[in-house]
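Have a look at the structure below, then the notes.
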Amino acid sequence: MDVQPVSLSIEGMTCAACSGRLERLLQGREGVASAHVNLAAETATIASALDSAALIEIIERAGFGARVVDRGAAAASARAAAAEARQGHERRQLLIAAALTLPLIAPMLSPIKLPGLLQLALALPVQLWIGARFYRGAWRALRGGAGNMDTLVSLGTSAAFGLSLWGLFSGGHLYFEASASVITLVLLGKHLEGQAKHKTTEAIRALMSLRPLTARIERGDAVVEVPVEAVGLGAIFVLRPGERVPLDGRILTGRGGLDESLITGESLPVERGEGDEIIAGSLNGAGWLRVRVTRVGEEATLNRVAAMIEAAQLQKPPIQRLVDRISAVFVPVVLLIAALTLLGWLWAGAGLEVALINAAAVLVIACPCALGLATPTALMVGTGVAARAGILIKDASALEQAADLKVVIFDKTGTLTLGRPVVEVVVALDGDEDGLLRLTASAQRGSEHPLARAILDAAADRGLRLDALDALEALPGQGLKATLQGRTLWIGQAALLAARGIDLTPRVEQAAALEAAGQTVMWIGDAAGLLGLIAVRDQPRPESAAAVAALEARGVAVMMLSGDAPRVAEAMAARLGISRVIAGVPPEGKAAEVAARRAQGAVAMVGDGINDAPALAAADVGIAMSTGAEVAMEAAGITLTRPDPRLVGAAIDISTQTRRKIRQNLFWAFAYNLLGLPLAALGLLSPMWAGAAMALSSVSVVSNALRLRRWRPARG
């Protein structure tokens, strides 16, 4: 079965019962591997062998609307306009409902009593016109064999309205103000909830809205302005001072400082020149740039970041499973409680009128909106502010687990260090240092490995001409085997050459001294024996020591895991204040080392290289530097968009804050119902106040989640 991910925008969901029913419906279909429906984002992510048209048909038969999510800038603008129009319509309906309801509830505060027919005239449009949305939603849910918020509201208000009609013609009590006020208050709650939910997606909207919709592309001798969606790979665009970059690309000519804070969270401009990559959405400074497009469509950085954030927001952390189980039975249980309330009051001799009103109050107060919004709203805000700070969380379970981390294991090169080592010592047994350096550099032509780059840069600085390379074989964790003009070379760790029978004795003591000083030693030999060694030194990142100290201060144990020689790793660890070092570990052994530390508690692995990918996947939380290898970022649950180790502590902090908000929201969502249901059943809460409490519960959990927007990563 060929399974493909599909993202759909869903219309018509009103509460957790709706999202839960749709999710169960999709998961039960043949050809659907998994489905996640998010009430707060009003989206569904489905892994399915069915195409989007078939999935949309299934969803529409269930009574909901659906369409494929387009992440293009134009589509995002159209969605924002449609959402604004929908909010405007709901605002107008709310104002009309309020205008009709206020005269009905005003007599509660004064001795004036409105005639019954006037009350009917005011309540009728609220109930049957403005409240029609609840009847439509209840009918769709009924067709799908389930109940939802609309079911509870429509039943509760219909009971109050029907009882009022009976009272109007029989001389009994009128409850028109109860039915109208419940609908108005629920609409008010939904409107405020919608505005608040709109704010939870600000991170993605900010990403997409700041990218220009058009780019100035070179066409022969002319420069024409075209939509960014129409620009292909390899096209050349020009960028003036003060403009935003429309597309990812590589600078061909020009130089300037670019503000990349939209992606990296770092507000200081970064100097970029010929050959450097630039990101769409970045703000150009004073430079005039000519740029070749390198990524478009789904591969563009902004689209990938937006997709990563959305994927995290659509996932469900483990704590949500309990909520889903409760939501699945919530509405039927409430209907049962309402029926028992009705029968109980009738049995107590209170009469049909009192029994109906109390049952209606039970139905109205028990809407499961707050339950459905508690977790996703906190996730959406938390992942959004994290992205703004340069922390991309693509795995919801990683966000929850990060709050419990006890051990953080750092890779050394490129993570705690700059990853740009320089050659400091060249030792040739025959005395020809340039010859040894030329030979070693020739064997590593084209390599992007940091140590290889150091050798190549040193050869370039000395003006050495490189030889043609016949063959190259990388030996992960050991070094490499190269063939130059029929001559086979081994370059790498001491063990690699020793295994080939090459005697290292002449330079062992010198190598040990260099490693003790923190330099990495590369041995070079051929079939004739040892040729010499080259020592390079890497520098720690300026932020690394502060990052380690901050983690230790919060009670997290910090370790260094490196494939480098023990003396080199220990020297660097000592500079950074790390007391636990595991060195000389081959790539295949890193995952085992990480797994072994899990006995101490939840473990995070932080790395950036291809050889870190297994360890990142083996950890409870994998954290990758986005400046590193693509495979490392794929294996990690969290990606740092700038190479600042302090962001590891910030990731733990925002994870802790987000989980705290989820738990607070769930407490309040349950507390409203646990307190409100008995009060309504006992007749201590009128339908009007029940409606107000229900609306307040939804607004409160979203508002509480929005407090996360004030979070900022600590510095230092």
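Values below: every heavy atom of this structure, side chains too, minus hydrogens, waters and symmetry copies. Source: prediction; values computed, not measured.
Counting only distance, with no hydrogens or angles, the side chain of Ser544 and the backbone of Leu416 share a donor-acceptor pair below 3.5 Å. A donor-acceptor distance shorter than 3.5 angstrom exists from the side chain of Thr383 to the backbone of Met380, with no hydrogens or angles considered. Judged by distance alone, with hydrogens and angles left aside, the side-chain atoms of Asn284 form no donor-acceptor pair with the main-chain N or O of Arg244 at under 3.5 Å. Of the possible polar contacts, one joining the Thr641 side chain to the Gly390 backbone as a donor-acceptor pair under 3.5 Å is found. Of the possible donor and acceptor atoms, one in the side chain of Arg388 sits under 3.5 Å from a partner among the backbone N and O of Arg709. A distance-only check finds no donor-acceptor pair linking the side chain of Thr658 to the backbone of Ser655 [under 3.5 Å]. For the pair Glu243 (side chain) and Arg240 (backbone), a donor-acceptor distance under 3.5 Å is present.
Closest non-hydrogen pair, Val245 versus Ile279, comes out as CB-O, 3.5 Å. Closest approach of Pro246 to Thr214, counting heavy atoms only: CB-O, 3.7 Å. The two residues Val231 and Val296 make their nearest non-hydrogen contact at O-CG1, 3.6 Å. Contact between Asp276 and Glu271 at its shortest, heavy atoms only, is OD2-O, 4.3 Å. The two residues Arg438 and Arg465 have their closest heavy-atom pair at CD-O, 2.9 Å.
Donor-acceptor pairing under 3.5 Å is recorded for the side chains of Asp538 and Thr417.
With respect to Arg642 and Glu543, no salt bridge is recorded, no charged nitrogen being found less than 4.0 Å from a carboxylate O. With salt bridges taken as basic N to acidic carboxylate O contacts below 4.0 Å, none links Asp467 and Arg445. One finds no salt bridge joining Glu274 and Arg250 here, because no Lys/Arg side-chain nitrogen approaches an Asp/Glu carboxylate oxygen to under 4.0 Å. One finds no salt bridge joining Arg272 and Glu277 here, because no Lys/Arg side-chain nitrogen approaches an Asp/Glu carboxylate oxygen to under 4.0 Å.
Note that the CG atom of Leu489 and the OG1 atom of Thr483 stand 8.0 Å from one another [nearest 0.5 Å]. Distance OG/Ser442 to CD/Gln485: 8.5 Å, rounded to 0.5 Å. In this structure, CD1 in Ile491 is found 6.0 Å from CD1 in Ile524, a value given to the nearest 0.5 Å. Here CG of Asp411 is found 13.0 Å from CD1 of Ile623. Values are rounded to the nearest 0.5 Å. The OG1 atom of Thr253 lies 5.5 Å from the CZ atom of Arg290; values are rounded to the nearest 0.5 Å.
Side chains of Thr43 and Leu8 form no contact here, defined as non-hydrogen atoms less than 4.5 Å apart. Taking the side chain as every heavy atom from C-beta outward, Lys412 and Leu561 never approach each other to under 4.5 Å. At a threshold of 4.5 Å between non-hydrogen side-chain atoms, the residues Val558 and Phe410 count as touching. Using a 4.5 Å heavy-atom cutoff, the side chains of Thr415 and Pro643 are not in contact.
For Arg554, the CZ atom is densely surrounded, since the number of other residues' heavy atoms within 6.0 Å is greater than 12.
For the salt bridge (charged side-chain N to carboxylate O under 4.0 Å, His left out) test, no residue two or more places apart in sequence or in another chain qualifies with Lys661. Remark: Asp432 pairs with no residue by the salt bridge (charged side-chain N to carboxylate O under 4.0 Å, His left out) rule, at least two apart or across chains.
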For Ile534 and Val427: C-alpha separation, side-chain torsions, deciding distance, then whether side-chain contact (heavy atoms from CB on, under 4.5 Å) applies.
CA-CA 6 Å; Ile534 297 176; Val427 178; over 6 Å; no
Assess the residue pair Val536 and Met522 against the criterion (side-chain contact (heavy atoms from CB on, under 4.5 Å)); give the C-alpha distance rounded to whole Å, side-chain angles, the decisive distance to 0.1 Å, and a yes or no.
CA-CA 8 Å; Val536 302; Met522 284 182 284; 4.1 Å; yes
Would Ile236 and Val293 count as a side-chain contact (heavy atoms from CB on, under 4.5 Å) here? Give the steps.
CA-CA 6 Å; Ile236 297 173; Val293 176; over 6 Å; no
Return all side-chain donor-acceptor pairs below 3.5 angstrom for residues 455-463, not counting sequence neighbours, or 'none' if the list is empty.
{"from": "Arg462", "atom 1": "NH1", "to": "Asp434", "atom 2": "OD1", "distance (Å)": "2.7"}

